[in-house]
Undergrad: 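Okay, here's the structure, questions in a sec.
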Amino acid sequence: MEIDLIFRIAAIGIIVAVLDQVLRRADRPEIATMTTLAGVIAVLLMMIAEINHLFETVKSVFGLY
Amino acid sequence: MRRLMVALMLLLLLFPMPVRAEDTELNLEGQMEAQLDALGADELLRQVPEEAREYLQEADLFEIDLKKLMELTPGKFFPALGRMFWNTVKRPSRTLAAMLAVILLCALLESMRDTVGESALSGAFQTVSVLCILTAVATPILDCIVRTTNTIQQAAFFMLSFIPMFSAAMISAGQPATGAAYNLFLLTTCQVVSQVVAQTFIPMMAVYLAFCICGSFVPELNVASVASGIRSMVSWAMGLLLTIFVALLSIQSMLSHGADGVGVKAAKFLINSLVPAVGSILSDAYMAAQGALRLVKTTVGAYGIVVALFTFLPTFLYVAVWYLITRVVALAGDIVGAERVSGILKACSNVLGLLIAAIFCFALLIIISTSVVMIAGLGAG
Amino acid sequence: MEVSQLFTLVGVGLVTMIMAVTLRQYRPEFALLVSLVAGVVILIGVVRGILPVVEQVQTIFQSTQMPAAYLQVLFKALGICFLTQIACDACRDAGEGAIGAKVELAGKVAVLVISLPLFVQVLTIVRGLLV
């Protein structure tokens, strides 16, 4: 199953949160914002594949071609 | 004129029967057959409704035969009845399974929402499932309606030829005035009731069903009040009709009430609780019929009752099976929480329930009128 | 769906809930993403598990005289409702009720369009009743 995907996303989330805090303390708020955005976009890309998988499964089970 | 002569000859045979000794009984059958033929029994047999004909032939009862009717026991009915029952139940049970499956799918979707109250999407899906169930159930219901109408009209037609023939045999026994009066009264009542029920009540129930179908798509429109108004009007009118009939007969003091035995009380309770809409009135009418039914002895009269029974029984079984099915699926829909589906199914079962009440009503009518004419005749001899 | 699969899904749900709650204090948008992905994964497992039920229902339907087209309409409507419900719930969870309502509207319209032949059939039935 794709459970590791969830853990990966959670891990990215935690990393981004930590990085954000650190960068803010280091007086670089704009890099912090960019890191956050990069993390969100990466997670979104991963998610889109998963959502596509869901749609394919629903299509095949319910005959929605 | 010829008929009257023949009827007279028949009565000469029929009435002195208890007085004669046994040696004439063997001759009696042949003579009775001859007399019945002359009396127009052939034509009577031709009027027997289609459905009754099959089952009567199966139970070997088609000819008006004194001996066969005398040795009629319930045991002979049961194989034919059993087969009738199984044939009726087979196909509807598959539709029952399909409808329960649709309700299962509704339950699946219901479990997904997290708010109380109907979410719009489950409403949309329920509408689609209502459509599906309707396409499955509508043809049988229309079938029931058509069959009930046909059966009632056929039975009325049969009575048209049965009552005159029978009371012609009885009138000559010595009560021409009252005999003729009852003949006319019963004939007109039978025809009037059958016409009213078949042409007015049943189409009104169809309109009620159409209302409910349209109402299920737009729950906000609250068609339910109009629909239930139609339904209560129809059941009230049917009850009124039956009450008038029974009251008129009792006034003529033709029907004495039977003794309140345990069996009679049980039957009365059963009819009251099981028959929808007009149960109480029917149970009272049954009480009145009790006293009459005990006096059923003559061949032709008993034959008339047997025909009435076999005419109504298949249709009644068919409608009753579909009534039970719609009730069960409505219950399942209630349990799952699919209100639209259970609403439309309850409307369907209401229509079927009223059809059952109409069948019962008319069958009881026939049986009562037959017994009354018999009493009128026997009371004279 | 076997019981072991159920345990997996339950475990996934619990763990992601904790992660989402933790992340919400620091990066709320990630909490949202985590919960969304968890929902998607769980639902994939659920839909796979429903497959035998769907097949059984199909065999039941084939033995009655309902035309196969109606059955397909029913299943398609169920699938559409499923998907729309997922999206709608997710939007509402995120606080975007308006977007959720629009998605719901799209789903209802899709169900309506798909079930048009059924509507026509029922209208003929009603006409038959009124005659």
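Keep in mind it's a predicted model, so treat the numbers as computed, not measured. Throughout, protein chains are lettered first and strands after them, A, B, ... in sequence-line order, and every chain is numbered starting at 1.
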Undergrad: Using 0.5 Å steps for rounding, measure from the CD1 atom of C:Ile86 to the CZ atom of A:Phe55.
TA: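 Reported value, rounded in 0.5 Å steps: 7.5 Å.
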Undergrad: Please flag which part of C:Val47 lies under 4.5 Å from any non-hydrogen atom of chain A: side chain, backbone, both or neither.
TA: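 Both parts, backbone and side chain.
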Undergrad: Measuring heavy-atom distances to chain C, does A:Glu56 have an atom under 4.5 Å in its side chain, in its backbone, in both, or in neither?
TA: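 For A:Glu56, no heavy atom lies under 4.5 Å from chain C.
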Undergrad: Just verifying a value: how many Å separate A:Ile6 CD1 and C:Leu33 CG, rounded to the nearest 0.5 Å?
TA: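 Nearest 0.5 Å value for the CD1-CG distance: 12.5 Å.
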Undergrad: In terms of heavy-atom proximity below 4.5 Å to chain C, should A:Val43 be classed as side chain, backbone, both, or neither?
TA: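 Side chain of A:Val43 only, per the 4.5 Å heavy-atom cut-off to chain C.
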Undergrad: Counting only non-hydrogen atoms closer than 4.5 Å, does C:Glu29 touch chain A with its backbone (N, CA, C, O), its side chain (CB onward), both, or neither?
TA: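 For C:Glu29, the contact with chain A is made by the side chain alone.
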Undergrad: Any side-chain heavy atom of A:Val61 sitting closer than 4.5 Å to one from C:Arg48?
TA: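 Heavy-atom side-chain distance check fails, nothing below 4.5 Å.
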Undergrad: Among C:Arg27, C:Gln72, C:Gln25, which has the most heavy-atom pairs under 4.5 Å with chain A?
TA: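 Counting heavy-atom pairs under 4.5 Å, the top option is C:Arg27.
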Undergrad: Is it the backbone or the side chain of C:Ile80 that comes under 4.5 Å from a heavy atom of chain A, or both, or neither?
TA: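 For C:Ile80, heavy atoms of backbone and side chain both lie under 4.5 Å from chain A.
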Undergrad: Minimum heavy-atom separation for A:Phe62 and C:Phe82, please, with both atom names.
TA: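 Minimum heavy-atom separation between A:Phe62 and C:Phe82: CE1-CD2, 4.1 Å.
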Undergrad: Looking at chain C, which one of A:Ile14, A:Thr57, A:Thr36 has the largest number of heavy-atom pairs inside 4.5 Å, strictly under?
TA: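 Highest number of heavy-atom pairs under 4.5 Å: A:Thr36.
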Undergrad: Is it the backbone or the side chain of C:Leu83 that comes under 4.5 Å from a heavy atom of chain A, or both, or neither?
TA: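 Side chain of C:Leu83 only, per the 4.5 Å heavy-atom cut-off to chain A.
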Undergrad: Once side-chain contact (heavy atoms from CB on, under 4.5 Å) is applied, do any residues pair with C:Leu112, and if so which ones, sequence neighbours excluded?
TA: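 side-chain contact (heavy atoms from CB on, under 4.5 Å) check on C:Leu112 returns C:Phe119.
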Undergrad: For a side-chain contact (heavy atoms from CB on, under 4.5 Å) check, start with the C-alpha distance between A:Gln21 and C:Tyr26, then their side-chain angles and the critical distance, and finish with the verdict.
TA: CA-CA 9 Å; A:Gln21 291 283 38; C:Tyr26 306 107; 4.0 Å; yes
Undergrad: For a quick test of reading the model, state the closest non-hydrogen atom pair linking C:Phe30 to A:Val40 and the distance between them.
TA: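 So the two residues come closest at CZ-N, 3.6 Å.
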Undergrad: Considering only heavy atoms, which portion of C:Val40 lies under 4.5 Å from any heavy atom of chain A: side chain, backbone, both, or neither?
TA: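 The answer is both parts of C:Val40.
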Undergrad: What part of C:Phe75 lies closer than 4.5 angstrom to a heavy atom of chain A: side chain, backbone, both or neither?
TA: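 When you check distances to chain A, atoms from both the backbone and side chain of C:Phe75 fall under 4.5 Å.
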Undergrad: At what distance, to the nearest 0.5 angstrom, does CD1 of C:Ile42 lie from CG of A:Leu54?
TA: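 Here the interatomic distance stands at 12.0 Å.
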